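Some notes on the structure that comes next.
Atoms within each ligand, like the ligands themselves, are counted from 1 in listed order. A quick note: this is a predicted structure, and the numbers were derived from the prediction, not measured.
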Amino acid sequence: MYQVKDLDWTDSYDTIVVGIGAADTIDEGLDALYNGRVKSLIQSADISTKTGELSIVPTFEGTVKRILFVGLGQRNENTTENVRNWFGKVAKEIKARAFTDVAIALETFESNGALFAEAYEMATYEHPTYKSAPKDSAAEVTITLLGNVDQTEVEKGAARGRGVNVARKLTMMPANILTAEALADYAVELAERHGFNHRIVEKEEMEGLGMGALLAVNQGSKLPPKLIVLEYNGAGEEAPIAVVGKGVTFDTGGYSIKPKDGIVGMKGDMGGAATVIGLFETLATTKPAVNVLGVIPATDNMISGDAFKPDDVITAMNGKTIEVLNTDAEGRLVLADAVTFAKTYDPQAIIDVATLTGGVLVALGTDVTGCLTNDDALYGALEEASRETNELVWQMPYFDVFINKVRKSEVADLNNSPGRFGHMIFGGAFVGEFVGDTPWLHLDIAGTSERPAANELGPKGPTGVMVRTLSTLLDGWNR
Ligand code: BES
Ligand code: ZN
Ligand code: ZN
């Protein structure tokens, strides 16, 4: 779909996309397409140079039918984030108008083909639906990236966008369709398509391994849990980086049941798992020089005569006992055993990704992912990657006062819910009890996994957050 060529204003395309700044000297080749009238078209406001404004102006004759101008305002004020957003806007416009032959004059944006491809994939994505009348499928489009463009980098950018879309699609799927088993099937299919090692740990095996925390959460369910394991190998025998994603396919809260308005939307409680699977989709193309272990504890959190209850004491895979004070704090329980399982691979680092707490929404809102870490250098690398992708992160304090409260119980080693105040941190600190000394990042995406409104880069709803940031982090891994 993407092809690469040098910019030549005399080549013929249906549509060329051109960035135009307020103080630009107009290129002669461009001007020639309008018989020397670009200046006057700007003066008459038919071509806007205002930041982020699109103008589509036909040429009426010549080799190019029309130019889609993107206003760049003052060029020196532009950031990668701006350009990515404008590319998203352009992508939506191409789709809405069903343009099929489009060239992008990248030099006029002082940008690169990878960024365009990433934005194009994300912005043209639509959530699949189950409506009985199918939508018309979109027209096939050829996009020519003009300039000194590296085709391999373009494919990597597109792969980051596709990874995001895989995560979005999975997160959107309802829990009657996306069961733990269906999630496992999806992961296995993806792994086989890309030649990744994979393994599904079944319920009986979990019992043998002593995964009492994951099994407790699954206890009320009619459906068996699955522990999904994916392996990307890009560095021979080196220790892997473990990426662990919460895969609660539906969270009722269990006996600590959620209020009726709080239950709606809980099909998205496997957003962390979706991020891990989307990341693996991306890794198949970006091929970073690291090994990556993906671990997903998948189950729903249901109520029945068999369900676990508040006051229950359960034993996790590492032998630690847990007093269950709240069955709605189930994410940290499934992560506990998944992290212990990941540690059997001797990982060099552990990154967990989870829609873990409403607390992070209260603290940081819907645009910032809350983090805990035991390793400042690793957090620094995450922050740097997140600045590149514009997926914002913020570090929360991982102080002993929080850890001590997680360890406070009269009957067990730990409790799963020390209280309301600061509960985003308690959630992370609980997971930290299973991580130990391994360098660790905890990413609470409960606020960022879904977006309350559409933006330039995608629809309302699931965002596939952290796929691009983790991909970028792994690309630049050097420790
Ligand atoms: N899945 C929820 C967190 C959540 C809330 C995700 C809102 C997305 C949107 C999690 O399992 C949960 O219920 N957390 C509780 C923790 C509490 C019981 C300590 C919460 O946030 O209230
Ligand atoms: Zn819950
Ligand atoms: Zn949950």
Worksheet item: Are E450 and ligand 1 in contact, using a heavy-atom cut-off of under 4.0 Å?
Response: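 Not so, E450 does not reach ligand 1.
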Discussion item. Contact between ligand 1 and M424 is defined here as a heavy atom of the residue under 4.0 Å from a ligand atom; is it met?
Written reply: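 Contact absent.
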Discussion item. How far is atom 2 (C) of ligand 1 from the closest protein heavy atom, and which atom is that?
Written reply: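 The closest heavy atom on the protein side is D251 OD2, 3.6 Å.
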Practice prompt. Do me a favour and list the nearest non-hydrogen protein atom to atom 10 (C) of ligand 1 with residue, atom name and distance?
Written response: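 Closest protein heavy atom to atom 10 (C) of ligand 1: L356 O, 3.2 Å.
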State yes or no: are the ring centers of [X] and [Y] separated by less than 6.0 Å?
X	Y	result
Y232	F280	no
F87	Y120	no
H198	F196	no
W440	Y398	yes

Practice prompt. Measure across Y379 and Q395 and return the closest heavy-atom pair with its distance rounded to 0.1 Å.
Written response: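 Residues Y379 and Q395, closest heavy atoms: OH-N, 3.1 Å.
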Worksheet item: If every non-hydrogen atom of P418 is compared with every non-hydrogen atom of R332, which pair is closest and at what distance?
Response: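 That would be CD-NH1, 4.4 Å.
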Worksheet item: So which of the N, O or S atoms of E330 lies nearest the Zn ion (ligand 2)?
Response: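 Within E330, restricted to N, O or S, the Zn ion (ligand 2) is closest to atom OE1.
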Worksheet entry | D251 atom (N/O/S) at minimal separation from the Zn ion (ligand 2) |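 So the atom name we want here is OD2.
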Worksheet item: Would you say the side-chain atoms of T463 pair up with the backbone N or O of T448, donor to acceptor, closer than 3.5 Å?
Response: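 Judged by distance alone, yes, a pair lies under 3.5 Å.
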Discussion item. For S409, is there any backbone N or O sitting under 3.5 Å from a side-chain donor or acceptor partner on E323?
Written reply: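 Flag not set: sc E323 to bb S409 has no pair under 3.5 Å.
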Show which atoms of ligand 1 fall inside a sub-4.0 Å distance from at least one heavy-atom site of [X].
X	answer
N326	18 (C)
E330	11 (O)
K246	1 (N), 10 (C), 11 (O)
M266	1 (N), 4 (C), 5 (C), 6 (C), 7 (C), 8 (C), 9 (C)
R332	16 (C), 19 (C)

Item to complete: Could you label the plane-to-plane angle of the F430 and F434 rings as parallel, tilted or perpendicular, counting under 30° as parallel and over 60° as perpendicular?
Response: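 Plane angle between 30° and 60°, so tilted.
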Purely on distance, is any nitrogen or oxygen of [X] under 3.5 Å from one on ligand 1?
X	value
H423	yes
S417	no
T357	no
G358	yes

Worksheet item: Is there an N/O/S atom in D269 that lies less than 2.8 Å from the Zn ion (ligand 2)?
Response: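 Under 2.8 Å: D269 has no N, O or S contact with the Zn ion (ligand 2).
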Discussion item. Check this for me: F421, atom CZ, are more than 12 non-hydrogen atoms of other residues, nucleotides or ligands nearer than 6.0 Å?
Written reply: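 It does not: F421 CZ has 12 such atoms or fewer within range.
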Worksheet item: N/O/S of K246 less than 2.8 Å from the Zn ion (ligand 3)?
Response: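 K246 does place an N, O or S atom closer than 2.8 Å to the Zn ion (ligand 3).
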Which bit of [X] is near ligand 1, meaning a heavy atom under 4.0 Å away: side chain, backbone, both or neither?
X	answer
M270	neither
V248	neither
K258	side chain
D328	both

Practice prompt. Give a yes or no on whether a salt bridge exists between E93 and K89, defined as a side-chain N under 4.0 angstrom from a carboxylate O.
Written response: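 Judged by the 4.0 Å cut-off on N to carboxylate O distance, E93 and K89 do not form a salt bridge.
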Worksheet item: Does a salt bridge link E330 with K246, judged by any charged N lying under 4.0 Å from a carboxylate O?
Response: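 The answer is yes: the pair qualifies as a salt bridge.
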Discussion item. Is any side-chain heavy atom of V243 closer than 4.5 Å to one of L293?
Written reply: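 Result no, sub-4.5 Å side-chain heavy-atom pair not found.
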